[in-house]
4 protein chains.
Amino acid sequence: MPKVGMEPLRRRALIDATISAIGERGSLDVTMSEIAGRAGVSPALAHHYFGAKGDLLHATMRHLLAELGRDLRAALATAPDARSRVSAVVRVNFSPTQFQPETVAAWLTFYVAAQHSPELRRLLRIYARRLHSNLMTGLGRLLPRNEAERTAESTAALIDGFYIRRALRDGPPDAGNAIALVEEFLAARINQRKQP
Amino acid sequence: MPKVGMEPLRRRALIDATISAIGERGSLDVTMSEIAGRAGVSPALAHHYFGAKGDLLHATMRHLLAELGRDLRAALATAPDARSRVSAVVRVNFSPTQFQPETVAAWLTFYVAAQHSPELRRLLRIYARRLHSNLMTGLGRLLPRNEAERTAESTAALIDGFYIRRALRDGPPDAGNAIALVEEFLAARINQRKQP
Amino acid sequence: MPKVGMEPLRRRALIDATISAIGERGSLDVTMSEIAGRAGVSPALAHHYFGAKGDLLHATMRHLLAELGRDLRAALATAPDARSRVSAVVRVNFSPTQFQPETVAAWLTFYVAAQHSPELRRLLRIYARRLHSNLMTGLGRLLPRNEAERTAESTAALIDGFYIRRALRDGPPDAGNAIALVEEFLAARINQRKQP
Amino acid sequence: MPKVGMEPLRRRALIDATISAIGERGSLDVTMSEIAGRAGVSPALAHHYFGAKGDLLHATMRHLLAELGRDLRAALATAPDARSRVSAVVRVNFSPTQFQPETVAAWLTFYVAAQHSPELRRLLRIYARRLHSNLMTGLGRLLPRNEAERTAESTAALIDGFYIRRALRDGPPDAGNAIALVEEFLAARINQRKQP
DNA sequence: AATGAATGAGCCTTCATTCAT
DNA sequence: AATGAATGAAGGCTCATTCAT
């Protein structure tokens with residue numbers, strides 16, 4: 001039983017517990033006790049490491065963003081050309097890590113909470129901007145500037161839209177279908193350009 | 001002098017107060033006192049008319065759905081052909097009544113809350129199904145069955161996506177841009193069919 | 001059992017409970033539960049009427065000051081001349097209402113708490129200023145300006161000093177002794193002027 | 001390398017930290033963490049050396065009393081006659097070491113806390129008795145027994161009174177004025193005896 | 001029809017204190 | 001000699017809800 005160097009382990013456990021608690025409850029209204037209980041520690045310890053509840057929530061959100069960012073970088077690194085860059089971005093957003101019920105629910109919840117939390121809104125804006133620029137690095141070479149912008153905007157909305165709809169459905173996430181529909185949309189927009 | 005016939009007025013005032021409170025707070029965490037205060041009555045009266053808080057929330061959601069339904073019916077009634085039926089559906093979802101910050105925030109909030117409220121989920125499913133079938137009455141005549149289904153699904157996701165993104169932005173809603181992007185998407189899908 | 005118009009009764013009961021709780025505990029660390037319990041209501045009701053704990057404490061302090069002010073005005077109203085005005089001020093400060101263990105303890109506690117509460121300090125300053133000016137209306141006619149000022153200052157300190165010492169002693173307050181000593185001091189100062 | 005002989009240093013550092021913490025906060029509500037932090041050690045160490053929080057507080061009070069006692073002895077040792085012994089006692093109580101904001105605040109706080117701590121009360125009684133007897137060694141030779149007693153009592157109250165008033169004022173302590181007023185009081189009492 | 005009065009339940013948070021290392 | 005880890009206990013505060021009027 002190591003009694004030293006516990007901090008990073010506890011922090012991680014608490015963040016994981018937060019995600020799963022929020023995901024299951026589908027609400028930021030989870031109590032600190034609930035979270036701490038899931039992490040196997042006392043509520044006091046959660047405060048010890050994170051300060052107030054809001055701080056734990058923010059840390060959790062940052063964790064989610066960081067994870068997504070890591071996945072994205074990895075996927076983009078292996079994409080050979082512009083078109084496959086775009087697909088990589090889409091794919092990552094619906095990857096098993098991201099598109100599982102708990103995480104989706106947590107994301108959604110944060111989206112809503114962001115409406116009255118400047119800090120959360122700031123974090124989400126960063127994510128939105130990054131998603132946009134990642135899409136643009138691919139689309140920018142396939143479509144005229146202005147059209148690429150609009151397509152990126154729609155693609156981002158589409159992804160968010162599938163997240164929302166995912167949250168309302170029971171059963172396993174149908175990532176395959178979501179990816180197919182987004183790709184279909186992209187194909188339509190890109191081909192439309194090429195062919196007429 | 002006991003006032004008579006106050007019930008419908010109070011109910012309506014309370015529902016309106018609920019929408020604006022939720023919209024402003026951006027959260028279902030509004031208190032009964034807050035809502036009652038906005039409606040100019042005591043919290044006790046809200047309970048008198050609606051029972052528990054959850055009941056008031058459900059009634060509010062039903063009200064939102066009913067309003068959207070009314071708008072939709074009105075718009076569809078004047079649509080001359082299949083293509084314009086589709087556009088009518090899109091237009092209504094971004095109409096000034098629907099796409100204003102308060103209402104958008106309320107919708108979003110309900111979406112999230114639906115994750116742990118069977119009743120709310122049931123109501124949202126009804127809405128989703130209606131949206132889908134309304135889109136299909138138009139798309140079904142413009143595209144092959146299967147493709148129409150997929151397009152309807154994507155369109156619905158796109159609309160939801162713009163709602164989410166609207167909630168994160170400050171300033172006035174840009175309904176025009178949202179409509180334009182959705183129409184662009186529809187055009188690409190429909191033209192793609194026609195031309196190649 | 002009157003169920004209406006309870007507010008003033010509850011407020012008063014809560015303030016009285018606060019005084020006695022603080023007096024008995026000898027510390028501002030009394031809990032809201034303790035106070036509410038003494039007043040025969042739930043802690044929630046205390047919050048309902050006073051807001052936060054600090055607000056109840058401030059209200060209590062204001063009550064103490066108001067009571068002292070009332071007693072003072074009454075005593076001064078019947079004082080025929082300058083010398084008896086001064087004695088009246090002294091007498092009131094050691095009157096049975098003021099100089100009882102509970103009240104003394106509450107005063108002391110507030111004094112200490114004032115060190116880190118601007119609002120409490122503000123209230124105590126008002127009291128100090130009033131005590132000073134009340135003493136001056138009498139002393140001003142018996143001694144030269146400057147000497148009157150100094151005597152008022154010392155008298156006030158002397159009164160406070162007896163309060164402190166009272167708080168440390170057990171048994172009944174010996175108001176008579178305190179008054180006698182203050183009067184002795186005053187006599188010495190005033191006679192000193194007259195005779196040499 | 002385990003450090004040896006740290007105990008007395010830590011104890012002293014912790015007591016000093018306690019005084020300054022209480023003085024600054026103006027309340028016994030300082031936390032062990034706050035105190036330990038100021039002393040540059042962990043809260044656990046404070047417990048290690050002093051046991052419970054109350055023990056540290058008592059030790060601190062004893063330290064304050066011991067310091068005052070040392071100052072007093074030193075001052076009395078150089079006082080040539082009875083009158084100057086009295087002045088020495090007064091002077092020491094308002095010496096820069098004693099009459100600085102932090103120490104005054106700590107004293108006051110202990111006074112109040114003594115109301116519900118037998119141990120603290122015991123300590124304060126010792127101080128009060130010593131102050132009284134020190135004053136009496138001087139006054140006893142200048143005034144008749146009974147009058148000397150009463151004067152000692154008033155003088156002690158006056159000193160405490162100036163301490164209280166000091167705590168409510170901002171800015172630097174005006175020890176000079178306090179001493180002058182106490183001396184004025186003593187002069188009045190002693191001269192009154194001599195002259196009439 | 002409407003509300004003031006009142007409360008139980010629950011949550012966040014703080015803090016002294018202990019223990020293994 | 002010293003501390004990081006951890007918690008139980010307790011307090012302030014909020015809020016939905018009930019009830020008598």
Side-chain angles (χ1 to χ4, degrees), chain A residues 1-7 9-10 29-36 39-56, chain B residues 1-7 9-10 29-36 39-56, chain C residues 1-7 9-10 29-36 39-56, chain D residues 1-7 9-10 29-36 39-56:
Chain A
M1 272 171 271
K3 275 301 223 179
V4 85
M6 290 268 80
E7 175 153 0
L9 281 69
R10 295 303 192 198
D29 271 332
V30 274
T31 70
M32 286 298 265
S33 296
E34 160 90 21
I35 293 172
V41 299
S42 72
L45 197 69
H47 279 100
H48 178 61
Y49 282 127
F50 285 96
K53 184 184 178 184
D55 297 327
L56 172 54
Chain B
M1 280 169 270
K3 287 177 190 168
V4 175
M6 291 306 290
E7 175 151 1
L9 279 68
R10 296 301 193 198
D29 272 333
V30 267
T31 69
M32 286 298 267
S33 296
E34 160 91 21
I35 293 172
V41 300
S42 73
L45 195 68
H47 277 96
H48 178 63
Y49 282 129
F50 286 95
K53 186 184 177 182
D55 298 327
L56 172 54
Chain C
M1 271 170 271
K3 275 299 221 178
V4 84
M6 289 268 80
E7 175 152 1
L9 280 70
R10 295 302 191 197
D29 271 332
V30 273
T31 70
M32 286 299 267
S33 298
E34 161 89 22
I35 294 172
V41 300
S42 72
L45 196 69
H47 280 103
H48 177 63
Y49 282 128
F50 285 95
K53 184 185 177 183
D55 298 327
L56 171 54
Chain D
M1 277 169 274
K3 288 177 190 166
V4 176
M6 293 303 293
E7 174 151 0
L9 279 69
R10 296 301 192 198
D29 271 333
V30 267
T31 71
M32 287 297 266
S33 297
E34 160 92 22
I35 293 171
V41 300
S42 72
L45 197 69
H47 278 95
H48 177 63
Y49 281 128
F50 286 94
K53 185 184 179 183
D55 299 327
L56 171 54

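All values below come from the heavy atoms of this structure, side chains included, with hydrogens, waters and symmetry mates left out. So that the names make sense, note that chain A is the first sequence line, chain B the second, and so on, each numbered from 1.
- For the pair D:Glu34 CD and E:dT14 C1', the interatomic distance rounds to 14 Å; values are reported in whole Å.
- Taking atom NE2 on C:His48 and atom P on F:dA16, their separation rounds to 14 Å, with Å as the unit.
- The distance between atom NZ of C:Lys53 and atom C1' of F:dG12, rounded to the nearest whole Å, is 8 Å.
- Across the protein-nucleic acid pair, A:Phe50 atom CZ and E:dT13 atom P stand 14 Å apart, rounded to whole Å.
- Here the nucleotide nearest the side chain of D:Thr31, chosen from E:dA16, E:dT17, E:dC11, is E:dA16.
- For the pair A:Arg10 CZ and F:dT7 P, the interatomic distance rounds to 7 Å; values are reported in whole Å.
- Rounding to whole angstrom units, CE of residue C:Met6 and P of F:dA20 are separated by 16 Å.
- Shown here, E:dT14 forms a base pair with F:dA9; the pair counts as Watson-Crick or G-U wobble because both key distances fall under 3.5 Å.
- The A:Tyr49 side chain lies nearest to F:dA6 when the options are E:dT13, F:dA6, E:dC19.
- The nearest heavy atom of DNA chain E to D:Gly51 and to B:Glu7 marks one nucleotide each, and the one closer to the 5' end goes with B:Glu7.
- The distance from the CG atom of C:Leu45 to the NE2 atom of C:His47 is 11.0 Å, given to the nearest 0.5 Å.
- Of the candidates F:dA16, F:dT18, F:dG12, the closest approach to any side-chain atom of B:Met32 belongs to F:dA16.
- Base pairing of E:dC19 is made with F:dG4, judged by Watson-Crick or G-U wobble geometry with both donor-acceptor distances under 3.5 Å.
- Rounding to the nearest 0.5 Å places NE2 of D:His48 at 11.0 Å from CZ of D:Arg10.
- Of the listed nucleotides (E:dT17, E:dC15, E:dA2), E:dA2 has the atom at the smallest distance from the side chain of B:Leu45.
- Rounded to the nearest 0.5 angstrom, C:Ile35 CD1 and C:Leu56 CG are separated by 5.0 Å.
- Counting only heavy atoms from C-beta on, C:His47 has its side chain closest to F:dC13 among E:dT7, F:dC13, F:dT3.
- Residue A:Lys53 holds its NZ atom at 6.0 Å from CG of A:Asp29, rounded to the nearest 0.5 Å.
- Between C:Ser42 and D:Ala44, the one whose closest nucleotide on DNA chain E sits nearer the 5' end is C:Ser42.
- Atom pair C:Asp29:CG and F:dA9:P shows a separation of 20 Å (rounding to whole Å applied).
- Here the shortest heavy-atom pairing between D:Ser33 and D:Pro43 reads OG-CG, 3.8 Å.
- D:Asp55 has its CG atom 12 Å from the C1' atom of E:dA16, to the nearest Å.
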